[in-house]
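Before any comments, here is the structure.
Quick note on labels: first sequence line is chain A, next is B, and so on, each numbered from 1.
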Amino acid sequence: MAAPVKEEYRRIYAAVKAIPRGRVASYGEIAARAGLPRRARLAGRALSEAPDGIGLPWHRIVRADGRIACRSNGMREQERRLRAEGVEVRNGRVRMGAHGLHHDLDRAIWGDPRD
DNA sequence: AACCTGACTCCTC
DNA sequence: GGAGGAGCCAGGT
């Protein structure tokens with residue numbers, strides 16, 4: 001028997017929750033981490049339908065180019081939350097090179113980009 | 001089923 | 001860096 005579609009959402013939420021504080025990831029990256037390659041849009045949809053009460057760090061998800069994707073409200077809030085955890089946001093844009101995932105190794109070698 | 005839309009991404013110019 | 005277009009997948013009408 002096939003699992004309900006919600007299962008895909010659950011995986012995406014898990015991937016989002018796995019993002020460390022002060023770090024951001026793109027929709028595509030989240031989808032990939034959830035075992036759903038090329039489903040960036042699904043990640044976006046999943047987040048748009050995500051209940052607020054489950055402690056999901058939705059603000060750590062931005063577009064691949066580092067820009068905040070939210071069309072309607074939430075954009076301001078996302079920016080505020082990111083700054084609150086040390087992520088540099090400028091003109092609704094995040095420095096992916098500095099805060100993106102898969103930079104853990106670089107950070108260990110070159111040091112914290114925020115220094 | 002066709003058509004439209006969207007918290008996406010990539011390429012070209 | 002912005003504009004246009006194509007590929008992408010899921011939902012709503």
In whole angstroms, the gap separating P of B:dC10 from CD of A:Glu29 amounts to 10 Å

One pair to check against side-chain contact (heavy atoms from CB on, under 4.5 Å): A:Trp58 and A:Val16. What are the steps and the verdict?
CA-CA 7 Å; A:Trp58 56 271; A:Val16 172; 5.6 Å; no

Is the phosphate of B:dC10, meaning OP1 or OP2, less than 4.0 Å from a side-chain N or O of A:Tyr27?
no

Atom CD of A:Glu8 and atom P of C:dC9 are separated, to the nearest Å, by 13 Å

Go through B:dT9, C:dC8, B:dA7 for me and flag the one nearest to the A:Ala40 side chain.
B:dT9

Base, sugar-phosphate or nothing for A:Leu42? Non-hydrogen atoms, less than 4.0 Å.
sugar-phosphate

Tell me whether the side-chain N/O atoms of A:Arg93 come closer than 4.0 Å to OP1 or OP2 in C:dG1.
yes

Whether the side chain of A:Tyr9 engages the backbone of A:Ala50 through a donor-acceptor N/O pair (distance < 3.5 Å, no angle test) should be reported.
no

Does A:Arg39 make a side-chain N or O approach to OP1 or OP2 of C:dA10 shorter than 4.0 Å?
yes

Show your working on side-chain contact (heavy atoms from CB on, under 4.5 Å) between A:Lys17 and A:Leu56 and close with a plain yes or no.
CA-CA 6 Å; A:Lys17 262 190 232 170; A:Leu56 206 61; 3.8 Å; yes

Got a sec, which residues hit salt bridge (charged side-chain N to carboxylate O under 4.0 Å, His left out) with A:Arg60, two or more places apart in sequence or on another chain?
A:Glu85

Side-chain-base donor-acceptor pair under 3.5 Å for A:Arg41 and C:dC9:
no

Is there a side-chain contact (heavy atoms from CB on, under 4.5 Å) between A:Arg81 and A:Gln78 once you walk through the steps?
CA-CA 5 Å; A:Arg81 289 197 187 197; A:Gln78 179 165 13; 5.9 Å; no

Side-chain ion pair, A:Arg10 and A:Glu7, N-O less than 4.0 Å:
yes

How does DNA chain C look in dot-bracket form if you count Watson-Crick and G-U pairs under 3.5 Å, write [ ] for pairs that cross, and put | where a base pairs with another strand?
.||||||.|||||

I need the CE-P distance between A:Met75 and B:dG6, as an integer number of Å.
16 Å

Let's see if you can work this out: which of B:dA7, C:dC8, B:dC10 has an atom nearest to the side-chain heavy atoms of A:Ala64?
B:dC10

With distance as the sole test, does A:Arg93 use its side chain to make a donor-acceptor pair with the main-chain N or O of A:Gly66 at under 3.5 Å?
no

Take the protein atom CZ of A:Arg63 and the nucleotide atom P of B:dC8, then report the distance between them rounded to whole Å.
6 Å

Expressed as a whole number of angstroms, how long is the span from A:Glu49:CD to C:dG12:C1'?
11 Å

Grab the CD1-P distance between A:Ile12 and C:dC9 for me, whole Å please.
14 Å

Look at all strands and tell whether A:Arg45 reaches a base, only sugar-phosphate, or nothing, counting heavy atoms closer than 4.0 Å.
base

Short side-chain N/O contact from A:Ser26 to OP1 or OP2 of B:dT9, under 4.0 Å:
yes

C:dC9 C1' sits how many Å from A:Tyr9 OH, rounded?
10 Å

